[in-house]
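Here's the structure we're looking at; comments come further down.
Letters A, B, ... mirror the listed sequences (proteins, then strands); counts begin at 1.
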Amino acid sequence: MLFKDLSMFFKRLESTTKRNEMMVILADLFNKAKVEEIDKIIYLLDGRVAPPYEKLEFGMSEKLIIRSLAQAFLKSILDIENMYKEIGDLGEVAEKLAEEKEEDMEVLEVFKVLYDIALLSGEGSVEAKVNKLGYLIRALSPLSSKYVVRIILGRLRLGVGEPSIMDALSYAKKGDKNLRQYIERAFNITSDLGYVAKVFWEGGVDALKKIKVEVGRPIRMALAERLSSAEEIIKKLGKCSVEPKFDGFRCQVHKNGTEIKIFSRNLEDNTHMFPDLVQGIIQQVSNEKVIFEGEAISYNPETNEFYPFQMTVQRKRKYDIDKMASMFPLKLFVFDLLYVDGEDLTPLPYLRRRERLEKIIIPGDTIFLTNYIITNNPVELQAFFEECITEGLEGIVAKRLDAPYQAGVRNFNWIKLKRSYQSQLSDTVDAVILGYFKGRGQRAKFGIGALLVGVYNPDEDRYETIAKIGTGPTEEEWVKFREILDEIKVEEKPHNVESQIIPDVWVYPKYVVEIQADEITKSPVHTCGKNGEKLGYALRFPRVIGFIREDKSAKDVTTVKEIIEMYKLQKKEIISDNSVEK
DNA sequence: TATGTCTGCCC
DNA sequence: ATTCTGC
DNA sequence: GCAGAATGGGCAGACATA
């Protein structure tokens, strides 16, 4: 297949929002492709040249692509940047600048070039990547250039994700979605949809059924939905299990004798980062072949208090691993068992898996079973939730008692309840809008995609940034924000604004919005409370609540001092004694 | 050698 | 991570 | 309710450059 033809399919996909139509187009694409192209097309649809768990990245994004485009079309970087700001899509910038070509490349040829770009590393590799992409774009038609750029950005924006591909694969072979279940199962246990598609194409459903769970190969992780109260959870699940939720990182552990692998939520192999966990696993898991999951969180070995996420995340590293392991040791709180000695446990109901899990863990000081209660009473659930909060945890996860382990999907079998979802418990901040950023993709047409907001420092009589926010408002509200803010836009940063971040458009500090966040964190970029070399403060997971607050003026917003107070308070509330351990 | 820019991956 | 939107 | 596409803070590491 020519890349031009693939691009035509992409164009058709982009032109509809109807999921059934998309499925038919995708199926058509798969049927017209050669067998050896199918897996590669699927990787490209995901913005990659390999399955996600392989460490093969382009190492190229916005800035470097801009350089490639400038080079390919003999424009200045500033020209490209300006077009990008206007259009909101680098692919469309390329499309606009490119000229029709007589010749075209095969899909496999383009794939090879992209693969080579991903392989480049070491001294001079940045320049080499930029050049290689520049040459590729020069060889391609406008439409093909657009999609190549978007593939590298990992934002094809076709409305196609893995579930759509699975439906389409089934539809391509059978004319309905009935084979999806087999495709999905194979995908869940191999985490490589390109490979699954190829096996399916070559050997049909029978070949898919032969795919087995392999210890050492990551299984796609189950994810939790959200609700905002104990009542809603009980209403949804009835009698359910309730476990604490830790603010660390998800670990899927594979043990094959003394061979251990630890995968991240996105199925990256992070084993080498956690020698302490590996030791613990060897000592505390008796069975030969096991796959289980938990949350790893660092703690202060002197006081046994859990550390905040910002500490734990420092354990995600390549160098100085042993040093950091002694400073920030990890505990692994395990909550699910997927596989034991040849037996796939994922179809078993939660409680059965839980029982089995309890049998394979030997008590020790690294691995702990998560505590849990079983209840159908919202009051009890709420009490457990509050207990978790007092212990400095993130909240709880409620689980449907009879649900299998549903790999790869986010659904209501698991429901998380976090402190910040309960507005009476969470910190909201009133902040003043200091500027805005142009939107990308769907947001480009609004000319706004995010706000820069700040709080007030009365001592210096100035506003200091505390967050960028791109979530919360509806499309209608974004349009209104744009209109209202354009009326007070200013050419330069106002003198009473302190910011290291430069928005696309500065505005006079006037309008107030209410911001909800999960936490206040120390920030290297936001200027709120920043003093010389000292770090400032920022909001974790900020979102806009409602619209502009007409009842408040800029001077009425939350002050820097109040933010610092809130930061101290949130630290005090965490009086962890690790009493959730069994 | 030190610093700055960019990217990828945690949440 | 959170949130919004079309189906 | 699902699936997809917008968007956040902040860490380490790879390269480039001063």
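- Counting any heavy atom pair closer than 4.0 Å across all strands shown, Asn411(A) reaches sugar-phosphate atoms only and no base atom.
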Report task. Could you walk me through whether Glu162(A) and Arg220(A) pass the salt bridge (charged side-chain N to carboxylate O under 4.0 Å, His left out) test, one step at a time? Result -> CA-CA 12 Å; Glu162(A) 284 153 347; Arg220(A) 298 179 69 230; 3.4 Å; yes
Report summary line: Contact string for nucleotides 5-12 of chain D, one letter per nucleotide 5' to 3', B = base within protein heavy-atom range under 4.0 Å, S = sugar-phosphate only, - = neither, reads SSBBSSSS
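- Ion pairing between Glu394(A) and Lys245(A) holds under the 4.0 Å rule for side-chain N and carboxylate O.
- Pairs engaging residues 44-55 of chain A under the salt bridge (charged side-chain N to carboxylate O under 4.0 Å, His left out) rule: Arg48(A)-Glu57(A), Lys55(A)-Glu268(A) [sequence neighbours left out].
- Within 4.0 Å (heavy atoms only), Lys418(A) reaches sugar-phosphate atoms of the nucleic acid but no base atom.
- Not less than 6.0 angstrom separates the ring centroid of Tyr43(A) from the ring centroid of Tyr115(A).
- Less than 6.0 angstrom separates the ring centroid of Phe547(A) from the ring centroid of Phe481(A).
- Two residues are said to be in side-chain contact when any heavy atoms from C-beta on lie closer than 4.5 Å; Arg217(A) and Asp192(A) meet this criterion.
- Aromatic ring centres of Phe263(A) and His254(A) lie closer together than 6.0 Å.
- Nucleic acid contact for Asp320(A): none, since no nucleic acid atom lies under 4.0 Å from a heavy atom of the residue.
- Atom CD of Glu225(A) is separated from atom P of dA3(D) by 11 Å (rounded to the nearest Å).
- The span of DNA chain B lying next to chain A, judged by atoms under 4.0 Å from heavy atoms, is bounded 5' to 3' by dC6(B) to dC11(B).
- For DNA chain C, no neighbouring residue in residues 41-54 of chain A is found when judged by any heavy atom under 4.0 Å.
- Between Asn20(A) and Pro473(A), the residue anchored nearer the 5' end of DNA chain C, judged by the nucleotide with its closest heavy atom, is Pro473(A).
- Cation-pi geometry between Lys522(A) and Tyr567(A) is met: under 6.0 angstrom from the ring centre, within 45 degrees of the axis.
- For DNA chain C, the span of nucleotides reached by chain A at under 4.0 Å from its heavy atoms goes, 5' to 3', from dA1(C) to dC7(C).
- Using a 4.0 Å heavy-atom distance criterion, Lys55(A) is classed as making no nucleic acid contact.
- Side-chain atoms of Arg317(A) come within 3.5 Å of backbone atoms of Tyr319(A) as a donor-acceptor pair (strictly under, hydrogens ignored).
- Glu232(A) and Ser229(A) share a side-chain donor-acceptor pair at under 3.5 Å.
- Aromatic pair Phe246(A)/Phe309(A): ring centres not closer than 6.0 Å.
- Take the nearest nucleotide of DNA chain C for Lys245(A) and for Gly472(A): the residue whose nucleotide is more 5' is Lys245(A).
- Here the CZ-CZ distance, from Phe412(A) to Arg226(A), works out to 9.0 Å after rounding to the nearest 0.5 Å.
- Annotation: side chain to side chain donor-acceptor pair (under 3.5 Å) contacts of Asn82(A) (sequence neighbours excluded): none.
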